[in-house]
Amino acid sequence: MSKSSAQYSQYPQHHPHDHGRALRRRPVAVAAAAAIPLPDADDAYTIVHHGKQVRLGPVVFWIVVGTIVLLGLWSAATATYFAFRDDVLTRLIARQAEMQYAYEDRIAELRAKVDRTTSRQLLDQEQFDQKLDQIMKRQTALESRATALGAMPDVTGSIPRTAPQRSDANPSATQGTPKPSPISDTVIFVAPPDREARLESRAPAVLAPPTSQFAKNQGFDNVLVRLTTSLDQVERRQMAALSAVEDGMDSRMRRMRGVVSDLGLNLASLEAAVPRSAMGGPFVPVKLTANAGPFEKQLNRINTTRAELDRLNRTLALVPYRKPVIGEVEFTSGFGVRSDPFLGRPAMHTGLDFRAATGDPVRVTAYGKVVSAGWSGGYGRMVEVDHGNGLSTRYGHLSEISVKVGEVVKIGQVVGLVGSTGRSTGPHLHYETRIDGEAVDPQKFLRAGVRLSAG
């Protein structure tokens with residue numbers, strides 16, 4: 001560095017007289033970067049480097065020098081501070097580790113939250129599937145119950161029927177339409193093809209905005225609640241129908257037993273007189289499963305009652321409580337003491353005289369066997385049928401006999417035609433009922449028939 005602004009000390013000076021002489025070079029100190037202060041008027045500094053020079057004023061020069069010195073001192077002080085204060089570096093490392101651990105804890109917490117949410121969703125899905133499976137099982141049970149109710153035969157008088165409502169506009173159409181019984185009126189819950197079809201069928205047709213998971217769960221819960229409510233209604237209707245059938249059967253059984261008791265008949269003797277049909281098979285007792293519900297238990301009671309009712313029906317088929325003629329019943333003479341139509345004196349009338357026209361069919365009033373068919377004194381042409389257990393019926397004054405002795409007759413079978421044979425003043429049917437050969441009032445049996453057919 002120099003303070004001269006016009007001369008360069010590193011370049012040699014040539015003289016015109018030096019031609020022909022050996023050039024002597026003066027030793028020049030060349031530096032990569034040297035600053036030589038040269039006396040100058042403005043006291044400037046020149047920095048020369050590889051032929052390039054930069055002139056600096058004294059103020060700038062010393063500012064640069066001071067800055068370099070300060071940076072060196074700050075670097076030295078910092079290095080010395082970190083060299084002799086290891087705890088600072090330790091705290092920095094610990095702080096970095098703490099931040100890393102905090103981030104890891106936060107990530108672990110978020111992962112645990114995601115796991116809990118996933119587990120909750122899986123649990124909700126599992127609970128939903130379980131509820132849906134229970135509903136499906138319950139629906140299957142209700143369908144089987146409906147099938148059992150539909151297959152149950154309707155017992156006459158076991159179900160109270162409402163009176164048909166007559167319409168002023170079209171009464172014939174109303175009367176011609178039969179009212180359904182509680183059994184056939186049972187609502188059957190038809191299962192959808194699958195679960196997805198059931199859930200999708202309840203979704204709205206329009207596209208709805210995306211809902212939250214909570215809303216979806218609430219929607220599924222509402223679907224399950226509606227399905228459960230529907231199944232509850234079906235079950236209540238089935239139980240009501242079953243209760244109606246059971247009550248009707250119990251009522252009919254009480255009436256049948258009461259009729260037998262009122263007639264003074266021995267039920268055990270009547271049952272023993274019932275002819276046995278050809279049937280058989282191994283004895284398999286009725287058993288209920290351990291998890292049988294109220295419906296199954298009630299259905300089992302109904303089946304037991306129905307078997308008993310069938311047995312009573314077969315027994316009462318031997319009791320002559322039906323009418324021997326069809327149409328409206330009109331008596332011309334009752335049972336008991338009356339004035340004899342020929343002699344005019346009091347006499348015992350052992351039967352009922354039914355008003356009828358000549359040739360009207362006469363029907364047997366109970367199952368039995370013909371023990372007499374022909375002329376019998378004052379009866380004229382008469383048919384007597386033995387119904388077993390001491391019960392018998394007689395049909396007199398017939399114009400024609402349609403059966404013969406030894407023939408087994410069924411309820412409602414024609415045994416002859418109304419006439420006026422024998423001790424008779426005109427066409428009518430003389431009808432008798434006897435117990436152990438003694439004549440009893442046939443109206444007692446007819447009233448029992450009316451009582452059995454009621455309801």
Side-chain angles (χ1 to χ4, degrees), residues 155-158 251-275 309-338 348-356 360-373 376 379 382-398 403 408-416 418 428-455:
V155 181
T156 304
S158 62
S251 177
R252 181 167 177 78
M253 282 192 62
R254 287 193 298 269
R255 289 198 305 270
M256 295 171 74
R257 294 179 183 276
V259 164
V260 173
S261 177
D262 292 343
L263 293 176
L265 302 176
N266 189 335
L267 183 60
S269 300
L270 286 176
E271 291 177 350
V274 175
L309 196 61
D310 292 340
R311 186 172 60 85
L312 285 176
N313 281 329
R314 290 193 300 269
T315 301
L316 289 179
L318 302 178
V319 178
Y321 61 83
R322 301 159 188 87
K323 297 185 299 181
V325 293
I326 59 176
E328 296 294 333
V329 175
E330 183 179 356
F331 304 135
T332 58
S333 181
F335 178 86
V337 178
R338 69 173 182 177
M348 183 66 185
H349 188 226
T350 57
L352 286 177
D353 289 342
F354 288 86
R355 183 184 299 276
D360 287 348
V362 177
R363 303 176 185 275
V364 69
T365 56
Y367 283 104
K369 184 177 181 181
V370 178
V371 294
S372 177
S376 180
Y379 289 102
M382 187 267 293
V383 174
E384 183 176 1
V385 178
D386 182 13
H387 303 288
N389 197 36
L391 285 173
S392 63
T393 54
R394 292 181 178 182
Y395 310 85
H397 307 311
L398 301 178
V403 293
V408 177
V409 292
K410 300 179 180 179
I411 298 175
Q413 181 176 341
V414 177
V415 295
V418 174
H428 71 281
L429 171 65
H430 177 83
Y431 175 68
E432 290 185 8
T433 55
R434 292 178 176 266
I435 299 177
D436 296 329
E438 294 291 333
V440 295
D441 188 358
Q443 292 194 60
K444 187 176 183 179
F445 290 88
L446 294 178
R447 285 193 294 267
V450 173
R451 180 181 175 186
L452 289 176
S453 61

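The structure presented is a predicted model; accordingly, all values stated were derived computationally and were not measured.
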Side chains of V259 and R451: closer than 4.5 Å at any heavy-atom pair? yes

Where is the tightest heavy-atom contact between V319 and L265, given as atom of each residue plus distance? CG2-CD1, 4.0 Å

For P442 against L352, the heavy-atom pair lying closest together: CB-CD1, 3.7 Å

Run the side-chain contact (heavy atoms from CB on, under 4.5 Å) test against R394 and tell me which residues pass, sequence neighbours left out. Y379, M382, E384, E432, R434

N313 (side chain) donor-acceptor with L309 (main chain) under 3.5 angstrom: yes

Can you tell if the side chain of D310 reaches within under 4.5 Å of the side chain of R314, non-hydrogen atoms only? yes

Spacing of S261 atom OG and N266 atom CG [to the nearest 0.5 Å]: 10.5 Å

For L318 and L270, which heavy atoms make the closest approach, and how far apart are they? CD1-O, 4.1 Å

Quick check: do D360 and V325 have side-chain heavy atoms less than 4.5 Å from each other? no

Closer than 4.0 angstrom, basic N to acidic O: yes or no for R447 and D262? no

Atom of L429, atom of G396 and distance for their closest heavy-atom approach: CD1-O, 3.7 Å

Which residues pass the side-chain hydrogen bond (donor to acceptor under 3.5 Å, both in side chains) test with H397, not counting sequence neighbours? none

Does any N or O in the side chain of T332 come within less than 3.5 Å of the main-chain N or O of R355, such that one atom is a donor and the other an acceptor? no

Identify the heavy atoms of H349 and S333 that sit nearest to each other, and give their distance. ND1-OG, 3.4 Å

Q413 side chain to K410 main-chain N or O, any donor-acceptor pair under 3.5 Å? yes

Does some side-chain heavy atom of V409 sit less than 4.5 Å from a side-chain heavy atom of V370? yes

Mind checking side-chain hydrogen bond (donor to acceptor under 3.5 Å, both in side chains) for R257 and listing every partner two or more places apart, or none if nothing turns up? E308

Considering only heavy atoms from C-beta outward, does the side chain of V385 approach that of V371 to under 4.5 Å? no

Quick check: do Y321 and L452 have side-chain heavy atoms less than 4.5 Å from each other? yes

Okay, side chain of N389, backbone of L391: is any donor-acceptor separation there less than 3.5 Å? no

Any side-chain heavy atom of Y367 within less than 4.5 Å of one from V408? no

Note: R363 and Y395 closest approach over all heavy atoms is O-CE2, 3.7 Å

Tell me if the NZ atom of K323 is crowded by more than 12 foreign heavy atoms within 6.0 Å. yes

Candidate list T350, D441, V440, T365, test side-chain contact (heavy atoms from CB on, under 4.5 Å), partner T433, passing option: V440

Is there a donor-acceptor contact under 3.5 Å linking the side chains of H387 and S392? no

From OH (Y431) to CZ (F445), nearest 0.5 Å: 8.0 Å

Is it true that R338 and D353 have a side-chain N and a carboxylate O under 4.0 angstrom from each other? yes

